[in-house]
Structures are given as structure tokens and as C-alpha cells.
Amino acid sequence: MSPLGPFAPRGQETTLDVASGQIPGLPGAPVRTPVRSGDTIAGPGLWPAIAGRLATRQLWIELYGLPGYGLTLGAPLVGGKVTAFAATPRDFRPHDPAPGRNVLAGRFMLAGASMEVEPPSDPWNRPSPSRPFAVELHAFAWLPGLMAQGDRGAREALRLTLAWADAFARWSPFAWGPEILARRVVNLACGARRMGAVATEAERLKLADSLARQTRQLLRPPGGLASRAERLTAAAIGGCVLAGAPGQTLRRRALSRLDGALKTTVQADGGHASRSPEAGLELLLDLLTLDDALSQLSEPTPESISAAIARLTQGLRPLTLPDGRLASFQGGGPSTIERVAAARAHDDEAMARSDDTPPAIGSVAGLTRIVSPLLTIIADTAPPARDAWGAAACAQPLTLEIACGKDRLVTGSGWTPASTDRQALRLTPAHSTLTLGERSLNEPLGGWKGELLGPRLVGPPIHVTTDLRDGDGAVWLEMEHDGWNELFGLNHQRRLYLDQRLDELRAEEKLFPTPGRKEMVRQIAAPYAIRFHLEPGVQASLARDRRSILLRGASGRGWWFRTDGPDVAIEPSVHIDAGLTRRSLQIVVRGSARTDSETKIRWKLSPAGASGEPG
């Protein structure tokens, strides 16, 4: 039985139609990020990974698909039968109860799509409207909201869970896929004890057996390096919930492997190895749940877990903007104010700090933050993650997010892995940085290779250098990358000067010939575009001088953007918000740069009224 139903298969999903000039899902919105037709060329370094995946993927599919495979997940082989639940882990993620009320009424609203299922029917033998909907459905994203509806919600959650267990008792590549399975185990583990309280004896035993089987599967291949810490954390949480020797065995196995996974995933500065702030936030929330589950069992939390929680908490502080949400970089969305606050609720150091004291200037996971009383700037000062960590990476070096007060003005496309059909928004023009020739520095892996390895970012390596200095009332941040070297023989340098007394940001973009390669590059004029994508809802008005733009966010405070670039325009753009595509605007500064000489473009952002009105 297909867990997806007959919605468009992955190979036939909607893709960007460059000829039509449309963004899928948003009629009338023009494509501002070019997509090269054809499959991305895989470099020699990618072939070992392709060969390894080809050799193992079919093996696991054949093995796990055998009729008797389910017996290896059963009680006789792994320490006995689970008959009770030992803990009720706290899910630290805040959940809106409204979706739970919708499920009780027979409406599943997930990933921007909906399905009507009148009880006592269930959604498991029906076609899903989209792949993201199917992912959230089988990850049981609807379960926490349903559990908030009291005993009635718990009974309906139990009914749907047992119906899933009947429909998907046998392993299948999608419903039992490692990432979906990990999220389902966490959601089930947090609600299992309450569901067991409203279940009959037979139902409770069936629920416990299903959770045990899924937890055991999490400890088996395949999986992947990038999600290993998340999978092992989920398995450890499941082991805490299952009572007796089986739960203890699963818990110890997961915790023994989690130590090494956390060392690889959580960097010394508190960043996630994928460089996604949201990925670090989600792992932190799972680790807090595991810590709570272990405390309920009166078991000490391993030092590696406590250290990872401390590092992720420390890294979260500078990546949180004044509006209470995260900076959106490298496949990570802004999340929500409530979710970020829940993850930081245990942060004693932040609580002790005065509310009017901004976080320290510095870098986490290659994201550098500089601040003044009214301006907060976060810049991407490192290359995108590579190989297995690059499945959600974005080819957008030196890009910026700028918050003026609590108004997030300059941002990017907001792309996250949930937006599987918006891969073009991972390209260079989809964030606030400079592009040459309307090209992208790297691209997501496509075709059969992308199906095999996932849409990891591939292309020539990008080297980024950065220099951060602060002095009396000012901060200097200089960034440079060589990504345009191969195509145009040029380097891009972005220099930022933040006047902390005037709350004024001055910047210089410089394109210059790569040292030692000037004679190897044709002398041409390369068209450049410097983009500043605006948060949806930000108002932008071009002044009469055609060089200045007045920006206003939700607070109504005005900010002037000024530049000496030859051509300035306000153009339409798109922004992904909670999985939905929204219309937005972008400021685009265009011109041409010679490949045999230096080109400079200056711009600045200052409070309206601070230095006179433009003519």
C-alpha cells in the first residue's frame, strides 16, 4: 500500500518552468532566480557516494521488504514484550490546539493543504494532496494538537495511531523512512502514556508494541550522517517511554551511539553542522525532551547531552533577531516566537542579562552578527555545507538579514526543506547578495543522482574570508569570496561599517580580478545585480532622485536605503513563510563590471530624517 497515494510522484513534481516565467504555486509571480536546464554535473568526488548508495539502497529495500522482516522487530528477539509505559516526556514545542480541533472534526490541515476525513474513517488509505502533506501526516505532526483536546482527543489519537499500525505494519521506504520515522517516534512517545490511559488492555499492548518496533527500526540503517543525532535522540526518547528491559535496552543502545553523533553535529560554537539555525533549534528541543524523560526515570543525563544542550543554547542567542525569531539562512526558516522562547526558557545566562543589552557581536556556524541600538545585521560569512550536510544548503555567500528595531526589513527567500518544489530559491539570486550574469554559484543536485543522494548542493567549492573588528562606537565587517572566479575571474568583497551612534549602516561592494588570473580571463563586461529581498509587508517607495528608497516595516518607522549604483529598481519577489509562498518586494541595484578592472558600488541604510530627505 502506498503511503502517499496517487499524488504526483517525486519525478513528476511541479518544477520551475523557466519559459513561462512563473513560480509554481503563486500565479503571476515572476521567476527572479534563473534555473539552468538539464541535470547538474556531478564532480568526481560525488561518484563514491553515488556508488555506495546504489550498492546499499536496494539491499535495504529488499531486506526490509521481506515478509518475515517484521519478526526481527518483535519481542521474542529483543528482550521481551513491552506491557507498559515508563515516562511521559515533555514536548517543549508549543502547539496550537486549533489543528487538533480540526482533526476531531475530520479535517487534516498540514503543509498548506487539507484533507477531509469523517470519523470513523482514517487518512491512511487515501491519496495525499502533496508530498509535504504526506510527510507531516506520517510524521504525526497532527498528534500534539489532538492530544491537547483532553480525553476525547486522546481517544481519537489512539484510534488513528492503531489504524496506521494496521495499514503500515510492514516496512515501506516512505512511511518508515528515517527522518519521518524519527519525528513520528518523538510525537508518539510524548503522547503514548496518555493514550494508554484511555485504551483497553489489548489496545495498550498494541500501542506499546508499535512504538517499540518503530524505535528499534531507528537504530538500524539506512539513515545518513546529517540526521543521525536526531534519529538517535528520538530512539533514546522512545526507549525512555517503554517500560522494563526492552525499553532499557533500546535506551542504552541509543545513548551509547548518541555521544559520537552529537560531537559531529553540534559544533564548538553551538552551531549545527548543516549551518541552519532552525536545525540547531529543533535538535535542542529534542534534547530537552530527552533530558526530561531521563529525569523522570531518575537516570542521570550523559555529559555529552548536557554539553550539547549548553552549546546549542549558547549558539541560539546571537542567531535570534529582536523580533524573537531566528535568522533565516542555509535552509533554516525563522521558526516562531513561541518556539524560540520555549527553547531558550532554560537559558539562565540570557535571563540574567539586562533586556536592553544586545547579545555580543560574534559568529556562530559561520553567521556573523553585528549590532547597534536600532540595527541588527547577520551576515553569512562561510561557504555552504557540503556533501551529506548540504541537502538543505543554499548557494548564497555574504548574504545579509537586517532588522531595524523589531522590523525585519532585509531578508531572503525563506526556503526550507519543506518547500521541495521551490529548489530555485536555494540559488544565489534568492537571497540578499550579489550575482553576476544572473547565474548561481552552486545548484541542488537533480535528476536520478538527486533522487539517490538527496538534493545536496553541488558545484565548485567557495572559499570565504572574513575580518571583524570593533572600535569606539563602530563595527567593521569585511567579507570576501571567490565563487565567481571560475566563471568571470572576479572576487566579490562586501565591506560593512556600522556606526553604532547614528544607527547607520554603510557598505561597499567591490568586484576585482582574482590575483594571478587576470591574463587568463576574457575582458568582458559582466552584468551584476545586488539584491535586497524585503520581508513580506515591508513598504518600499522610490524617491525622485532614483537613488533612494524609503522602507517602512510593521512598526511604521522609516529607513532610507541609498546607493550610488547606476540603476536602482523595486521589483516583485517571493518569500516562503511557514511553507506557504507569499508575495514580497526586492530592491535590485544593477550595472556592469569589467572583468579586467575593479568595480565599486556603495550603499547605506539610515533612519529616516537622520540626514535630510532626498530630492
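Because the structure is a prediction, the values reported are computed rather than measured. For reference, positions follow the sequence shown, starting with 1.
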Checklist line | Nearest-0.5 Å distance that lies between atom CD in E508 and atom CD1 in I601 | finding: 8.5 Å
Notebook entry, point to check: Is a side-chain N or O of T233 found less than 3.5 angstrom from the main chain of A229, in a donor-acceptor match?
Noted result: yes
Note to self: So that I can tick it off, tell me whether E438 and R531 are bridged by a salt bridge, with the cut-off set at under 4.0 angstrom between side-chain N and carboxylate O.
What the structure shows: yes
Margin query: When you compare the side chain of R495 with that of Q493, does any pair of heavy atoms fall below 4.5 Å?
Written below: yes
Item checked: Donor-acceptor under 3.5 Å (R562 side chain, L605 main chain) -> no
Check: Is V475 close to Q500 at the side-chain level, that is, under 4.5 Å between some pair of heavy atoms?
Finding: yes
Checklist line | Carboxylate-amine/guanidinium contact E401 R408, below 4.0 Å | finding: yes
Notebook entry, point to check: Between OG1 of T416 and CD of E278, what distance do you get to the nearest 0.5 Å?
Noted result: 6.5 Å
Note to self: When you measure from the side chain of H575 to the backbone of R583, do you find a donor-acceptor pair of N or O atoms at a distance under 3.5 Å?
What the structure shows: no
Note to self: We want to know whether S363 and T368 form a side-chain donor-acceptor pair, criterion being a heavy-atom distance below 3.5 angstrom.
What the structure shows: yes
Notebook entry, point to check: Judged by modelled atom types alone, do E179 and S227 share a side-chain donor-acceptor pair under 3.5 Å?
Noted result: yes
Next item on the list: With side chain to side chain contact (heavy atoms under 4.5 Å, CB included) as the test, would you mind laying out the steps for L367 and R275 before giving the verdict?
Entry: CA-CA 8 Å; L367 301 173; R275 303 194 54 237; 3.7 Å; yes
Item checked: Beyond-backbone contact of W484 with L441, side-chain heavy atoms, under 4.5 angstrom -> yes
Next item on the list: Please round to the nearest 0.5 Å and tell me the distance separating atom NE2 of H431 and atom CH2 of W415.
Entry: 12.5 Å
Notebook entry, point to check: Heavy atoms, side chains only, cut-off 4.5 Å: are V538 and L585 in contact?
Noted result: no
Next item on the list: State, without any angle test, whether H272 and Q267 hold a side-chain donor-acceptor pair at a distance under 3.5 Å.
Entry: no
Next item on the list: Please test C394 against F329 for side chain to side chain contact (heavy atoms under 4.5 Å, CB included), starting from the C-alpha separation and ending with a verdict.
Entry: CA-CA 8 Å; C394 299; F329 291 93; over 6 Å; no
Notebook entry, point to check: Within a strict 4.5 Å, meaning less than it, do heavy atoms of the L551 and F532 side chains meet?
Noted result: no
Note to self: Please check: side-chain N/O of D499 versus main-chain N/O of R501, any donor-acceptor pairing under 3.5 Å?
What the structure shows: yes
Checklist line | side chain to side chain contact (heavy atoms under 4.5 Å, CB included) between L505 and Y497, intermediate numbers included | finding: CA-CA 6 Å; L505 176 65; Y497 174 84; over 6 Å; no
Notebook entry, point to check: Are Q396 and D380 close enough that a side-chain donor and a side-chain acceptor fall under 3.5 Å?
Noted result: no
Item checked: NZ/NE/NH1/NH2 to OD/OE distance under 4.0 Å, D577 and R582 -> yes
Notebook entry, point to check: Under a 4.0 Å N-O cut-off, is there an ion pair linking K600 with E598?
Noted result: yes
Check: Within the side chain of T399, is there an N or O that forms a donor-acceptor pair under 3.5 Å with the backbone of S432?
Finding: yes
Next item on the list: Could you check T313 against H346 for side-chain hydrogen bond (donor to acceptor under 3.5 Å, both in side chains), going step by step and ending with a plain yes or no?
Entry: CA-CA 9 Å; T313 302; H346 69 288; 2.8 Å; yes
Notebook entry, point to check: From L284 CG over to R311 CZ, what is the distance, rounded to the nearest 0.5 angstrom?
Noted result: 11.5 Å
Checklist line | Interatomic distance, W476 atom CH2 to R506 atom CZ [nearest 0.5 angstrom] | finding: 10.5 Å
Notebook entry, point to check: Would you call D564 and R547 a salt bridge, using N to O less than 4.0 angstrom?
Noted result: no
Margin query: Using modelled atom types and a 3.5 Å cut-off, is there a donor and acceptor pairing between side-chain atoms of R494 and backbone atoms of L398?
Written below: yes
Check: So do S335 and R325 actually touch side chain to side chain, heavy atoms under 4.5 Å?
Finding: no
Next item on the list: Look at the side chain of D482 and the backbone N and O of H463, then say whether any donor-acceptor pair between them is shorter than 3.5 Å.
Entry: yes
Check: Would you say N491's side chain and T514's backbone share a donor-acceptor pair under 3.5 angstrom?
Finding: no
Notebook entry, point to check: Is the shortest side-chain N to carboxylate O distance from R339 to E282 below 4.0 Å?
Noted result: yes
Note to self: For the backbone of W389 and the side chain of D387, can you confirm whether one donor and one acceptor N or O come within less than 3.5 Å of each other?
What the structure shows: no
Next item on the list: Flag the pair T411 / I402 as yes when at least one side-chain heavy-atom distance between them is below 4.5 Å, and no otherwise.
Entry: no
Next item on the list: Output yes when R231 and D286 qualify as a salt bridge under the 4.0 Å nitrogen-oxygen rule, no when they do not.
Entry: no
Notebook entry, point to check: For the atom pair NZ (K604) and CD (E504), what is the distance rounded to the nearest 0.5 Å?
Noted result: 4.0 Å
Note to self: Could you check whether any side-chain heavy atom of P397 comes within less than 4.5 Å of a side-chain heavy atom of T433, counting everything from C-beta outward?
What the structure shows: no
